[in-house]
Every structure is written in structure tokens, then in C-alpha cells.
Amino acid sequence: MEQTLAILKPSAIERNLTGKIIGRILDRGLIICGMKMMQLDEAILREHYAHLVDKPFFPQIVSSMTASPVIVMCLKGVDAVRVFREMVGVTNGRQAAPGTIRGDFAMSNQANIVHASDSVENARIELERFFKKGEILDYTPQAMASLYSADEALL
Ligand code: ADP
């Protein structure tokens, strides 16, 4: 099964949306197998958003992403990277489809509530960036038979 990184950004923490968002993740059937609160700093953001460090809005990313602690999660499931990315919606909250997390909770291109890894390879790199060894647990719920058919659960 795939694993992907979710970050509940300061925009989610400050607006007390964490319960609703974690509820959506669990309701969908994604499995949380790592979760912690942490304070980000510019160094980790320069790595995580390396593709954006030269953009004029990068300083705003740093200030918005360090405005409060964040919650980082490792989510597990069949096709978890694509499934969670689709649940999150496009970057700009004003353009995100209703029903997506950003489309339901965000009005901003920047303060857009949640991060989701965009590929299996990036998910692996990002999970290593945010979690130390031992913080991602080998957890499979008892209720797997209610989440997947037997052949799907092997994927
Ligand atoms: P995504 O988070 O949807 O994968 P990107 O990797 O392109 O999108 O951007 C990372 C984050 O940087 C976005 O989630 C958003 O918070 C911020 N960002 C991206 N583009 C802009 C922009 N044009 N203006 C302000 N913030 C932006």
C-alpha cells in the first residue's frame, strides 16, 4: 500500500479545522499511521518547497507556514497519493472544486489549509523529511475487510 504525507497547515490549525479534516481523512478510509505536531522553520521549508524558493512569494510561504505549529501525518491506503491529492483539490482555494478540502475551507492561493504529496516518489522523500525513524508505525486496522476486498488489500 502507498503512503503519503499530509500537513495540516497553520491556516487549518488557527481556524480549528483540524478535527474536520482528520474526520474526512478517516471517513474516506485512509489509515493514519503517523501523526505529530511540529513547528516548521525556514530551513525545512526551503527543502520542502525547493521548487518555489526563487518565487517572489516565497517569504510569504515561510511566514504563513511558521505562523503556528502544523500537524504532519502519514496516510496509508491503496493509491493513497492520488486519492488524498484529489481530496485536497487544486492549489488555489478559490478555484478548488466544492467537496474538496481546499474547495470547502479555503479562499486563498497560499493559506490553503493542507499539503498533500504529489507523487509516490515525492511522498517517500517528504515522509523522510518530516518523520524520524520509528515515528511511522506499521499499523493496519482490524477493519481492513470493511475497507477493501481481499485482493485489493494486497495492492
Ligand atoms: P500544491 O500545494 O497544490 O502542491 P505548489 O507545490 O505549487 O502547490 O505550491 C506549494 C504551496 O505554495 C501552495 O500550497 C501554496 O501554499 C503556496 N503557493 C503556491 N503558489 C502560490 C502563489 N502563486 N502565491 C502564493 N502562494 C503560493
Side-chain angles (χ1 to χ4, degrees), residues 1-133 135-137 139 147 152 155:
M1 271 190 205
E2 282 178 12
Q3 293 184 333
T4 192
L5 176 75
I7 304 177
L8 305 193
K9 297 183 178 186
S11 45
I13 306 282
E14 289 281 317
R15 290 174 54 202
N16 289 324
L17 294 172
T18 51
K20 284 184 179 160
I21 295 167
I22 292 168
R24 284 183 178 219
I25 288 167
L26 294 172
D27 285 351
R28 182 66 188 265
L30 287 164
I31 299 159
I32 298 175
C33 52
M35 177 157 77
K36 65 178 178 178
M37 204 166 201
M38 65 189 289
Q39 176 64 48
L40 303 184
D41 61 20
E42 181 165 347
I44 198 166
L45 289 165
R46 281 186 166 273
E47 266 187 46
H48 185 60
Y49 289 129
H51 58 298
L52 298 175
V53 285
D54 295 329
K55 299 283 186 194
F57 55 83
F58 186 72
Q60 287 177 56
I61 292 184
V62 173
S63 62
S64 71
M65 290 295 289
T66 58
S68 80
V70 299
I71 292 174
V72 294
M73 288 185 282
C74 175
L75 309 180
K76 183 166 78 170
V78 177
D79 297 332
V81 173
R82 180 187 54 76
V83 166
F84 187 56
R85 190 85 184 159
E86 287 180 2
M87 283 177 70
V88 166
V90 299
T91 306
N92 188 333
R94 294 190 300 278
Q95 290 161 8
T100 63
I101 293 170
R102 288 171 174 166
D104 287 351
F105 297 120
M107 282 293 286
S108 169
N109 202 10
Q110 181 163 84
N112 57 6
I113 309 294
V114 68
H115 167 80
S117 304
D118 64 2
S119 69
V120 173
E121 174 60 5
N122 281 340
R124 190 188 58 73
I125 294 166
E126 292 177 359
L127 287 166
E128 270 185 29
R129 177 174 299 136
F130 287 94
F131 285 95
K132 298 193 186 84
K133 201 168 160 18
E135 289 182 334
I136 294 176
L137 308 179
Y139 166 62
L147 285 171
E152 284 173 322
L155 294 173

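First listed ligand is number 1; within each ligand, the first listed atom is number 1.
Atom 9 (O) of ligand 1 has its closest protein heavy atom at L52 CD1, 3.3 Å. Of all protein heavy atoms, the one lying nearest to atom 11 (C) of ligand 1 is Y49 CE2, 3.8 Å. The protein non-hydrogen atom at the shortest distance from atom 22 (C) of ligand 1 is N109 ND2, 3.2 Å. When hydrogens are left out, the protein atom nearest atom 27 (C) of ligand 1 is F57 CE1, 3.4 Å; that is the closest non-hydrogen contact. Of the protein's non-hydrogen atoms, the one nearest atom 1 (P) of ligand 1 is T91 OG1, 3.5 Å. I61 CD1, 3.7 Å is the protein heavy atom nearest to atom 17 (C) of ligand 1.
With a 4.0 Å heavy-atom cut-off, ligand 1 is reached by the side chain of R85 but not by its N, CA, C or O.
Note on ligand 1: H51 sits in its first shell, one or more heavy atoms being nearer than 4.0 Å. Within the 4.0 Å heavy-atom cutoff, D118 does not count among the residues contacting ligand 1. Between H48 and ligand 1 there is no heavy-atom distance shorter than 4.0 Å.
The contact set between ligand 1 and N112, taken as ligand atoms under 4.0 Å from a residue heavy atom, comprises 13 (C), 14 (O), 15 (C), 16 (O). The distance from ligand 1 to the heavy atoms of Q110 drops below 4.0 Å at these ligand atoms: 15 (C), 16 (O), 25 (C), 26 (N).
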>> With salt bridge (charged side-chain N to carboxylate O under 4.0 Å, His left out) as the criterion, how do D104 and R24 come out once you've worked through the C-alpha distance, each side chain's angles and the decisive distance to 0.1 Å?
In response: CA-CA 12 Å; D104 287 351; R24 284 183 178 219; 2.7 Å; yes

> Please walk me through it: do L40 and F130 pass side chain to side chain contact (heavy atoms under 4.5 Å, CB included)?
Replying inline: CA-CA 10 Å; L40 303 184; F130 287 94; 3.6 Å; yes

>> Is there a side chain to side chain contact (heavy atoms under 4.5 Å, CB included) between Y49 and H115? Walk through the geometry before answering.
In response: CA-CA 11 Å; Y49 289 129; H115 167 80; 4.0 Å; yes

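More than 12 heavy atoms of other residues, nucleotides or ligands shown are found within 6.0 angstrom of CE on M38. The environment of K36 atom NZ is dense: over 12 non-hydrogen atoms of other residues, nucleotides or ligands sit within 6.0 angstrom. Within 6.0 Å of the CZ atom in R28, the count of heavy atoms belonging to other residues, nucleotides or ligands does not exceed 12.
To the nearest 0.5 Å, the span separating NZ on K9 from OG on S68 amounts to 12.0 Å. Considering OG1 of T4 and CD of E126, their distance stands at 7.0 Å, rounded to 0.5 Å.
Checking only distances, R102 does come within under 3.5 Å of ligand 1, N or O to N or O. Among the atoms of K9, some N or O lies under 3.5 angstrom from an N or O of ligand 1.
E135 places a side-chain N or O within 3.5 Å of a backbone atom of K132 that can act as its donor or acceptor partner.
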